[in-house]
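A, B, ... follow the sequence lines: proteins, then strands. Residue 1 opens every chain. Just so we're clear, the structure is a prediction, and the values are computed from it rather than from any experiment.
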2 protein chains.
Amino acid sequence: MINAERAMDALGDPTRRLVFKRLRNRTRSVGEIAEGMDVSRPAVSQHLKVLKAAGLVVVRAEGARRLYGVDTRGIEALRGWLDGFWEEALVAFKQAAEREATKGRKPR
Amino acid sequence: MINAERAMDALGDPTRRLVFKRLRNRTRSVGEIAEGMDVSRPAVSQHLKVLKAAGLVVVRAEGARRLYGVDTRGIEALRGWLDGFWEEALVAFKQAAEREATKGRKPR
DNA sequence: GCCATTGGTTAGTCTTGACTTACGGTTAGA
DNA sequence: TCTAACCGTAAGTCAAGACTAACCAATGGC
């Protein structure tokens with residue numbers, strides 16, 4: 001199972017988010033990703049390493065090139081984390097509202 | 001509108017995530033949040049400032065205490081960002097599959 | 001076989017930001 | 001009013017990590 005916390009750490013950096021977003025539409029080679037960005041190609045390579053370790057990105061070798069694309073498992077992990085958080089917060093809200101509504105009543 | 005990128009930056013730090021998660025169940029005071037954590041109360045205060053600026057947290061003054069709770073807008077912004085990303089990736093997958101299916105056919 | 005392309009890794013620099021200590025302001029209680 | 005509790009801010013320290021330049025390995029075309 002892929003770690004959502006790890007994914008959040010990875011996406012906590014603007015440059016890394018930009019790299020990630022560049023793979024949204026299609027797979028790209030490293031050089032292709034770096035092109036047009038204001039950081040060097042090795043920097044992009046390092047970011048990809050982190051994104052890969054976080055389960056946000058997958059690689060496929062094609063000759064001398066490496067084609068990177070989004071890993072859906074990372075996105076799903078994030079969504080799960082978010083949904084779980086949302087769920088618990090909702091339950092807490094309801095309970096708080098319940099306590100508010102019964103406030104002042106004679107217990108039982 | 002609340003910025004999803006800002007929220008991602010904020011949640012990119014483990015300690016800050018821990019602070020955020022402590023508000024999942026109910027609102028808490030600053031001292032209450034810091035209690036049991038391995039960082040000082042001012043550190044927590046600074047994290048709360050960042051979380052608040054990111055739209056992930058709201059404050060309510062109650063006497064000398066400040067009660068912090070989750071801001072649903074921040075979560076919604078994150079969810080929107082994630083869903084948008086997911087959507088675009090899905091479209092790209094379909095288009096890629098389509099191109100794959102028609103590969104080799106005589107054009108028109 | 002040779003050279004160009006592609007990209008991962010290493011070493012080293014430097015900025016960002018997480019943290020603590022100290023301080024000041026505000027509120028509640030005696 | 002005096003004191004204690006609560007909390008935000010400022011100043012300063014320090015480590016994490018983002019980045020570049022240089023190097024090396026692998027692949028493909030000629």
(request) Please report the shortest heavy-atom distance between A/I2 and A/A54, naming the atom on each side. (result) CG2-O, 3.5 Å

(request) Please work out which residues in residues 5-24 of chain A have a non-hydrogen atom less than 4.0 Å from an atom of DNA chain D and list them by number. (result) A/D13, A/T15, A/R16

(request) Specify the angle, to 10°, made by the local axes at the two ends of the helix from C/dG1-D/dC30 to C/dA30-D/dT1 when five pairs are taken at each end. (result) 30°

(request) Indicate for each nucleotide in nucleotides 4-16 of chain D, in 5' to 3' sequence, whether protein heavy atoms under 4.0 Å reach the base (B), only the sugar-phosphate (S), or nothing (-). (result) --SBBBB------

(message) Taking the nucleotide of DNA chain D with the nearest heavy atom to each, does A/H47 or A/E62 sit closer to the 5' end?
(response) A/H47

(message) Return the CG to NZ distance between A/L90 and A/K94, rounded to the nearest 0.5 Å.
(response) 6.0 Å

(message) To the closest 0.5 Å, what do you measure between CD (A/Q95) and CZ (B/R26)?
(response) 11.5 Å

(request) Spell out, yes or no, whether B/F20 and B/W81 are grouped together once hydrophobic residues are joined by side-chain heavy atoms under 4.5 Å, including indirect joins. (result) yes

(request) Tell me, please, the opening and closing nucleotides of DNA chain C, 5' to 3', among those with an atom under 4.0 angstrom from a non-hydrogen atom of chain A. (result) C/dT6 to C/dT10

(request) Mind jotting down which residue pairs meet the side-chain hydrogen bond (donor to acceptor under 3.5 Å, both in side chains) criterion with at least one end in residues 34-43 of chain A? Sequence neighbours excluded, please. (result) none

(request) Report the distance from atom CZ of A/R73 to atom CG of A/N3, rounding to the nearest 0.5 Å. (result) 12.5 Å

(message) What's the separation between atom CD1 in A/I33 and atom CG in A/L67, rounded to the nearest 0.5 Å?
(response) 9.0 Å

(message) Within the structure provided, determine whether A/Y68 and A/L51 are in side-chain contact (heavy-atom separation under 4.5 Å).
(response) no

(message) Under 4.5 Å between side-chain heavy atoms, counting indirect links through other Ile/Leu/Val/Met/Phe/Trp/Tyr residues: same cluster for B/V50 and B/L11 or not?
(response) no

(request) Kindly write out the residues that satisfy salt bridge (Lys or Arg N to Asp or Glu O under 4.0 Å) with A/D13, not counting sequence neighbours, or none if the list is empty. (result) none

(message) How close do B/L56 and B/A10 get, counting heavy atoms only, and between which atoms?
(response) CD1-CB, 4.0 Å

(request) Mark yes or no for whether A/R60, through its side chain, and A/G69, through its backbone, hold a donor-acceptor pair below 3.5 Å. (result) no

